[in-house]
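Here the structure is laid out as structure tokens; the discussion comes afterwards.
Positions are given from 1, in the same order as the sequence printed here. Whatever order the structure lists them in is the order used to number ligands and atoms, beginning at 1.
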Amino acid sequence: MTNADTQEQAAAGAVIIPVTPFQQNCLLLWCNATRRAVVVDPGGDVPNILDAIKQANVTVDQIWITHGHIDHVGGAAELRDALKVKIEGPHLDDKYLLDHVAESGIQFGMTGGRNFTPDRWLSEGDRVSIGQLSFSVYHCPGHSPGSVVFFNDGMRFAIVGDVLFNGSVGRTDLPGGSHGALIKSIKTKLLPLGDDVGFVCGHGPGSTIGHERATNPFLVG
Ligand SMILES: [Zn+2]
Ligand SMILES: [Zn+2]
């Protein structure tokens with residue numbers, strides 16, 4: 001292992017908290033130098049998220065949202081109020097979802113969901129940061145119109161929400177979905193990030209861009 005590897009591994013820490021009946025991968029990610037953290041996609045089960053923050057012994061500064069589906073945003077307003085932090089993302093094109101969090105939650109038997117407006121809508125090329133870690137924002141419509149992906153170049157690491165999965169891609173049968181747009185987003189924005197890039201996705205195990213490029217049935221051919 002080289003020095004550079006050691007430094008990269010020490011730059012960040014992370015823990016995944018599966019939340020909601022959809023087992024959504026809520027991500028607690030922190031900068032090791034500053035112990036400042038972000039919660040990505042607090043879909044629900046907020047007490048479990050608060051427990052994880054306490055165990056990691058980090059200070060959460062922000063909440064980032066990849067897209068507006070209930071399993072990713074159902075706990076956002078509650079967590080924002082509990083921690084008194086700001087919400088960044090998703091893209092404005094998912095506003096229609098954030099305006100209906102409460103009723104969407106009821107449909108799926110999830111209580112406590114509240115509509116909210118993020119403190120900052122994100123667009124292609126924006127940057128978000130936590131402690132000393134900086135991520136660039138890619139607008140990747142298809143699964144939902146306002147889906148965004150977060151990418152940290154130095155760590156070769158991406159947070160892709162429900163755009164791309166290990167062995168699959170996001171569903172596009174929900175209102176606002178487009179399979180053509182989704183595949184275009186993946187091929188023009190995610191695959192060019194590089195085969196060595198690892199990612200965490202919204203459900204199930206993560207993967208690498210290279211593995212998906214070579215084996216994902218939706219991308220091969
Ligand atoms: Zn989704
Ligand atoms: Zn999801």
Side-chain angles (χ1 to χ4, degrees), residues 14-29 38-46 48-49 52 63-79 87-118 121-122 124 137-151 158-186 189-190 198-207 212 216 218-219:
V15 60
I16 286 173
I17 309 135
V19 295
T20 81
F22 298 94
Q23 292 291 290
Q24 197 272 121
N25 290 328
C26 173
L27 179 70
L28 173 64
L29 174 80
V38 60
V39 175
V40 186
D41 287 357
D45 301 324
V46 170
N48 297 353
I49 300 171
I63 294 168
W64 297 347
I65 305 286
T66 63
H67 68 293
H69 287 153
I70 183 68
D71 50 325
H72 297 255
V73 302
E78 185 184 343
L79 188 68
I87 300 178
E88 304 206 333
H91 186 279
L92 180 63
D93 288 353
D94 269 8
K95 181 177 189 301
Y96 73 104
L97 293 167
L98 303 189
D99 288 343
H100 297 92
V101 175
E103 58 193 87
S104 177
I106 289 163
Q107 270 180 30
F108 293 104
M110 294 163 56
T111 53
R114 282 158 50 198
N115 304 345
F116 65 94
T117 301
W121 296 105
L122 295 175
E124 178 83 12
V137 173
Y138 292 81
H139 180 207
C140 294
H143 172 66
S144 75
S147 285
V148 295
V149 163
F150 302 103
F151 173 59
I159 304 163
V160 304
D162 288 356
V163 173
L164 177 63
F165 292 110
N166 186 330
S168 188
V169 297
R171 62 188 288 186
T172 51
D173 56 326
L174 298 167
S178 160
H179 187 73
L182 180 67
I183 298 300
K184 185 178 172 207
S185 290
I186 295 169
K189 298 189 181 176
L190 298 193
F199 65 81
V200 168
C201 45
H203 306 265
S207 183
E212 297 315 306
N216 191 309
F218 294 91
L219 304 176

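In this structure, a donor-acceptor pair under 3.5 Å is absent between the side chains of Thr20 and Asp71.
Backbone or side-chain N, O or S atoms of His72 reach the Zn ion (ligand 2) at under 2.8 Å. When distances to the Zn ion (ligand 2) are checked against a cut-off of 2.8 Å, Asp41 contributes no N, O or S atom below that limit.
Val137 places none of its side-chain heavy atoms less than 4.5 Å from the side chain of Glu88.
Among the candidates Asp93, Asp94, Asp99, the single residue satisfying the side-chain contact (heavy atoms from CB on, under 4.5 Å) test with Tyr96 is Asp94.
Looking only at N/O/S atoms, Asp162 comes nearest to the Zn ion (ligand 2) through OD2. Nearest to the Zn ion (ligand 1), among the N, O or S atoms that His69 has, is ND1.
Rounded to 10 degrees, the NE2-metal-OD2 angle spanning His203 and Asp71 at the Zn ion (ligand 2) equals 90°. Angle NE2 (His143) to the Zn ion (ligand 1) to NE2 (His67): 100°, rounded to 10°.
Asn216 places no side-chain N or O within donor-acceptor distance of the main-chain N or O of Val169, the cut-off being under 3.5 Å.
Ring planes of His67 and His72: tilted class, angle from 30 to 60°.
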